[in-house]
Amino acid sequence: MKTSKLLIPTLKETPADAEIRSHQLLVRAGLVKKLSQGVYSYLPLGWKVMKKISDIVREEMNKRDCQEVMLPIIQPADLWKESGRWDVYGKELMRFTDRHDNEYCLGPTHEEVITDVVRSFVNSYKQLPMNLYQIQNKYRDERRPRFGLIRSREFLMKDGYSFDKDEAGLETTYQVMYDGYSAIFDRCGLSYRAVEADSGAIGGSNTHEFMVLAESGEAAIVYCPACDYSANTEKALMDLSHVDTEEELEMEKVLTPDQQTIAEVSEFLGTDPKKSIKALLYRAVYAESEEHVVVFVRGDREANEIKIQNALGAMAVDMDTDEETITNLGIQRGFIGPVGLDNVTVLLDEEITRLKNLVCGANEKDYHLKNVNYGRDFECEHIVDVKEVKAGDLCHKCQAELVEARGTEVGQVFKLGTKYSVSMGATYLDENGKSKPLVMGCYGIGIGRTMQASVEQNNDEQGIIWPKSIAPFEAVVIPAVHKKQEQVDAAERIYQELQEMGVDVLLDDSKERTGVKFANSELIGYPVRITAGKMLGEGKVEIFVRSTKEKIEVPLEEASTKAKEILDTLA
RNA sequence: CGGGGCAUAGCGCAGUUUGGUAGCGCACCUGGUUUGGGACCAGGGGGUCGGGGGUUCGAAUCCCUCUGCCCCGACCA
């Protein structure tokens, strides 16, 4: 391909509306263009990268006996009512009505559709296991689209669904998919971690998220540097084997006028915040009701809302600081404690049951309690894990100190179980002629996210540094001065030779000055650049490696062979 | 959803306070000189100033309204 035949609208200036580096670079390098909030056009180079990632996905999936299909984006409401998600999915689901007043949605995911296909055609254990996938646009009306392709409303996604006879079969399939996903992200040259995560709105029991580590990541994770444990903080466990062994002192009520926050109270009483109990008031929303819940965690900790939501089985929770609510509940802002608090639902983080002689609110204005002990002074029906695990907490597997990081989720593998097969009647006959629900798994990869995550991870001052496997072109050949025929001829020759060697190569035949061509090639980030320029007088050309910035001079005759050699060594 | 900000040429911006009919840089077109690190000279094209309404002799500028886009978001018991 030649640049004269390609639309590559590079920008010198950073676009005003792009916040993070990868978003800026995707726009500046001419890979994508925003049409509307969270809606993007993929330009030739951007789409080429997307296709390379998609092809890697296809290869790894096909290798594992997965079959590619193409399912409809337009999905009837009835199907979603069958699974029960029409009323549950909320505002993220893009809904519309056709001219006959029939309701539809644009698919945010395809469990319903694939289950409909499979229940129609898969009836026997002899057909199992089966694994179907597609690569297609998904639609989600995100609360706040941002960061370019990282959180958009229309996005290309690989989604796959597995069907097994039983849990054991799913376990095997899940592991195959887990390995397949690892292979895909390895081939895309990403640095990532597979973390344990909450199963969220799709439903199901067990899940791993593939997180590309990045400062700008929207998800918080913790991982253990000593063993393989890593988890999203909404799921993360920590070691709780520590138990205070000190003697239980006599509980006393102390005057703490206007001392409301943990910091104030600890300062006032001269105690360690870790030896206190923090109270947080949440409003929990259920399908047909809502209630207020007081959550207690150790004084220096935060609570994790997802964990609270799961502990309550609520659809959503949010913190409530409304004065009127607090008054109506009959609790004392700033002085809430678990002792004698019985007019409201209470969640107690398990950690607190292991600590002795704690400080907490006395449920009376301007008073706190000292030396409070679980079991002796209060009990709680709901002992749960709702704390936000943080750096320095100990790994529950090996007791090493956990580390915090941020990540962008590029893929997820998921055990669905029989949630959809039961609600939608997807069954098969087993060896004994008995009808059983199919056991499902689902597996997703954000193609656009993967592209942008790679950019976020691989860039420098000059621009993008693509891994070879997903670069828009593996190499670019540049005649330094377009009016010098010998340079143009040499570049053309190298271009032809590389093409014959099967290299995905671009010839820059633009009429730009040398500096412009160099700057653009580095902005776009082709792994290798070959320049036919002033050294041609000595019969030499220059090979430049984007990732290492290494420049070598080689004789024209050896240029393509050498370039290919270098490419073969690159990831 | 709540809060804040922005909207003027393809991109980045000035002009708005103090109303007088739109400008700069980049990009683009023509000609010329240049050519190993985002050139220079000369000439040129391109804007219903986000939409609608109002005030006024006159509105990018003042008022009302709608829309779009960007950022932030409970850390407190």
Side-chain angles (χ1 to χ4, degrees), chain A residues 7 9-20 23-24 27-28 30 33-39 90-91 141-148 256 258-265 273 276-283 292-297 299-305 316-323 325-327 329 331-338 341 344 359-366 368 387-388 390 462-463 478-484 487-488 510-523 529 531-537 540-542 544 549 551 553:
Chain A
L7 178 64
T10 55
L11 300 173
K12 274 196 215 175
E13 287 177 279
T14 302
D17 58 1
E19 191 74 1
I20 63 172
H23 184 195
Q24 295 169 350
V27 177
R28 278 195 60 206
K33 179 188 186 310
K34 183 172 70 188
L35 176 65
S36 177
Q37 190 190 43
V39 181
K91 289 187 172 174
D141 197 358
E142 292 285 349
R143 179 169 32 103
R144 180 137 97 91
R146 57 175 158 176
F147 300 149
T256 51
D258 296 327
Q259 310 297 309
Q260 300 199 9
T261 67
I262 292 290
E264 287 166 357
V265 173
S276 62
I277 303 175
K278 182 192 272 189
L280 302 131
L281 178 63
Y282 282 89
R283 186 172 63 100
H292 282 83
V293 178
V294 173
V295 175
F296 291 109
V297 294
D300 61 319
R301 292 200 179 277
E302 306 298 338
N304 183 288
E305 292 192 1
V317 297
D318 53 7
M319 208 171 265
D320 198 332
T321 53
D322 186 46
E323 284 295 344
T325 314
I326 293 170
T327 312
L329 285 168
I331 56 180
Q332 277 297 332
R333 165 188 281 272
F335 304 95
I336 304 171
L341 186 69
V344 61
V359 171
C360 66
N363 297 317
E364 184 177 330
K365 186 164 165 47
D366 293 339
H368 277 79
K387 64 189 148 320
E388 181 103 354
K390 57 190 181 185
Q462 278 64 47
I478 296 179
V481 180
H482 71 85
K483 283 188 179 168
K484 294 199 173 159
Q487 294 183 3
V488 172
S510 67
K511 309 270 186 271
E512 297 290 351
R513 304 179 94 237
T514 318
V516 175
K517 288 186 276 198
F518 283 171
N520 273 331
S521 73
E522 284 157 31
L523 172 60
R529 176 178 75 210
T531 307
K534 59 191 178 189
M535 281 113 59
L536 209 55
K540 288 182 172 173
V541 299
E542 175 193 270
F544 171 76
K549 297 189 172 170
K551 288 179 181 170
E553 296 175 16

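Every chain is numbered from 1 and lettered A, B, ... according to where its sequence line falls, protein lines coming before strand lines. This is a predicted model, so every value here is computed, not measured. All values below were derived from every heavy atom in this structure, side-chain atoms included, with hydrogens, water molecules and symmetry-related copies excluded.
- Lys390(A) places a side-chain heavy atom less than 4.5 Å from the side chain of Asp300(A).
- Note that the CG atom of Leu7(A) and the NZ atom of Lys33(A) stand 11.0 Å from one another [nearest 0.5 Å].
- Remark: Lys278(A) NZ to Thr261(A) OG1 distance equals 9.5 Å, nearest 0.5 Å.
- The partner of G23(B), taking Watson-Crick or G-U wobble pairs whose two distances both stay under 3.5 Å, is C13(B).
- Pairing of A7(B), defined by two Watson-Crick or G-U wobble distances under 3.5 Å, is identified with U67(B).
- Across the protein-nucleic acid pair, Arg143(A) atom CZ and C72(B) atom P stand 12 Å apart, rounded to whole Å.
- Between C49(B) and G38(B), the distance separating the two C1' atoms is 30 Å to the nearest Å.
- Contact annotation: Arg283(A) does not reach the phosphate of A74(B) (side-chain N/O to OP1 or OP2, under 4.0 Å).
- Heavy atoms of Ile331(A) sit nowhere under 4.0 angstrom from any nucleic acid atom.
- In terms of phosphate contacts, Lys517(A) brings no side-chain nitrogen or oxygen within less than 4.0 Å of OP1 or OP2 of U35(B).
- Nucleotide G46(B) has no partner under the Watson-Crick or G-U criteria, as no pair reaches both atom distances under 3.5 Å.
- At a threshold of 4.0 angstrom between heavy atoms, the contacts of Gln260(A) are confined to the sugar-phosphate backbone, with no base atom among them.
- Checking the phosphate oxygens (OP1, OP2) of C1(B), no side-chain nitrogen or oxygen of Arg144(A) falls inside 4.0 Å.
- Within the nucleic acid shown, Ala16(A) comes within 4.0 Å of sugar-phosphate atoms alone, with no base atom in reach, counting heavy atoms only.
- Nucleic acid contact class of Ile336(A) (heavy atoms, under 4.0 Å, all strands): sugar-phosphate only.
- With P as the reference atom, A39(B) and G47(B) are 28 Å apart, rounded to whole Å.
- Considering only side-chain atoms of Lys534(A), the nucleotide from G36(B), G38(B), U35(B) that sits closest is G36(B).
- Judged by atom type and distance alone, Glu512(A) does not reach the base of G38(B) through any side-chain donor-acceptor pair under 3.5 Å.
- Distance check: Glu364(A) CD to Ile336(A) CD1 gives 14.0 Å after rounding to the nearest 0.5 Å.
- Nucleotides G50(B) and A7(B) have their P atoms positioned 8 Å apart, rounded to a whole Å.
- For Val516(A), the side-chain atoms get nearest to G38(B) when compared with the rest of G36(B), G37(B), G38(B).
- Going from atom CD of Glu305(A) over to atom P of G73(B) covers 14 Å, rounded to whole Å.
- Nucleotides C64(B) and G45(B) place their P atoms 39 Å apart, quoted to the nearest Å.
- Side chain of Arg146(A), nearest nucleotide from C71(B), C70(B), G36(B): C71(B).
- Ranked by how close their nearest RNA chain B nucleotide is to the 5' end, Leu523(A) and Glu302(A) are led by Leu523(A).
- Gly334(A) comes within 4.0 angstrom of sugar-phosphate atoms only, judged by non-hydrogen atoms across all strands, and of no base.
- Under the Watson-Crick or G-U wobble criterion, with both distances below 3.5 Å, G2(B) is paired with C72(B).
- Between Gln462(A) and Phe147(A), the residue whose closest nucleotide on RNA chain B is further toward the 5' end is Gln462(A).
- Computed from coordinates, the Arg301(A) CZ to A77(B) C1' distance equals 18 Å when rounded to whole Å.
- Between the CD1 atom of Ile20(A) and the C1' atom of C72(B) there is a distance of 16 Å, given to the nearest Å.
- Taking the C1' atoms as reference points, U21(B) lies 37 Å from G3(B), given to the whole Å.
- With C71(B), A77(B), G38(B) as the candidates, the nucleotide lying closest to the side chain of Lys12(A) is G38(B).
- Taking only side-chain nitrogens and oxygens, Thr14(A) never comes nearer than 4.0 Å to OP1 or OP2 of G12(B).
- Nucleotides A60(B) and G23(B) have their C1' atoms positioned 12 Å apart, rounded to a whole Å.
- Counting only heavy atoms from C-beta on, Thr514(A) has its side chain closest to G36(B) among G36(B), A77(B), C70(B).
- Asn304(A) contributes atom CG, which lies 4.5 Å from atom CD of Glu388(A) (distance to the nearest 0.5 angstrom).
- Between Asn520(A) atom CG and A27(B) atom C1' the separation is 12 Å, expressed in whole Å.
- Taking atom P on both C70(B) and A27(B), the two are 27 Å apart, rounded to the nearest angstrom.
- With distances taken from any side-chain atom of Arg513(A) to the nucleotides C71(B), U34(B), G37(B), the minimum falls on U34(B).
- Under the 4.5 Å side-chain criterion, counting only non-hydrogen atoms from C-beta, Lys549(A) is in contact with Phe544(A).
- With respect to Glu522(A) and Arg529(A), a salt bridge is recorded, a charged nitrogen being found less than 4.0 Å from a carboxylate O.
- Judged by distance alone with a 3.5 Å cut-off, no donor-acceptor contact links the side chain of Gln37(A) to the base of G68(B).
- Per the geometry, CZ belonging to Arg529(A) stands 9 Å off C1' belonging to G36(B), to the nearest Å.
- Across all strands, Lys484(A) comes closer than 4.0 Å to no nucleic acid atom at all (heavy-atom distances).
- Nucleotide C75(B) holds its C1' atom 9 Å from the OH atom of Tyr282(A), rounded to whole Å.
- Rounded to whole angstrom, the span from the CD1 atom of Ile478(A) across to the P atom of U35(B) amounts to 18 Å.
- Judged by distance alone, the side chains of Gln332(A) and Asn363(A) never bring a donor and an acceptor atom under 3.5 Å apart.
- Taking the P atoms as reference points, U48(B) lies 14 Å from C11(B), given to the whole Å.
- Which of G38(B), A77(B), G37(B) sits closest to the side chain of Leu280(A) comes down to A77(B).
- Looking at heavy-atom distances under 4.0 Å, Lys551(A) makes contact with a base.
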Run the side-chain contact (heavy atoms from CB on, under 4.5 Å) check on Phe335(A) and Gln260(A) step by step: do they pass? CA-CA 6 Å; Phe335(A) 304 95; Gln260(A) 300 199 9; 4.0 Å; yes
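- With C70(B), G25(B), G37(B) as the choices, the nucleotide that has an atom nearest any side-chain atom of Glu13(A) turns out to be G25(B).
- Closest to the Leu281(A) side chain, of the nucleotides C69(B), G36(B), A77(B), is A77(B).
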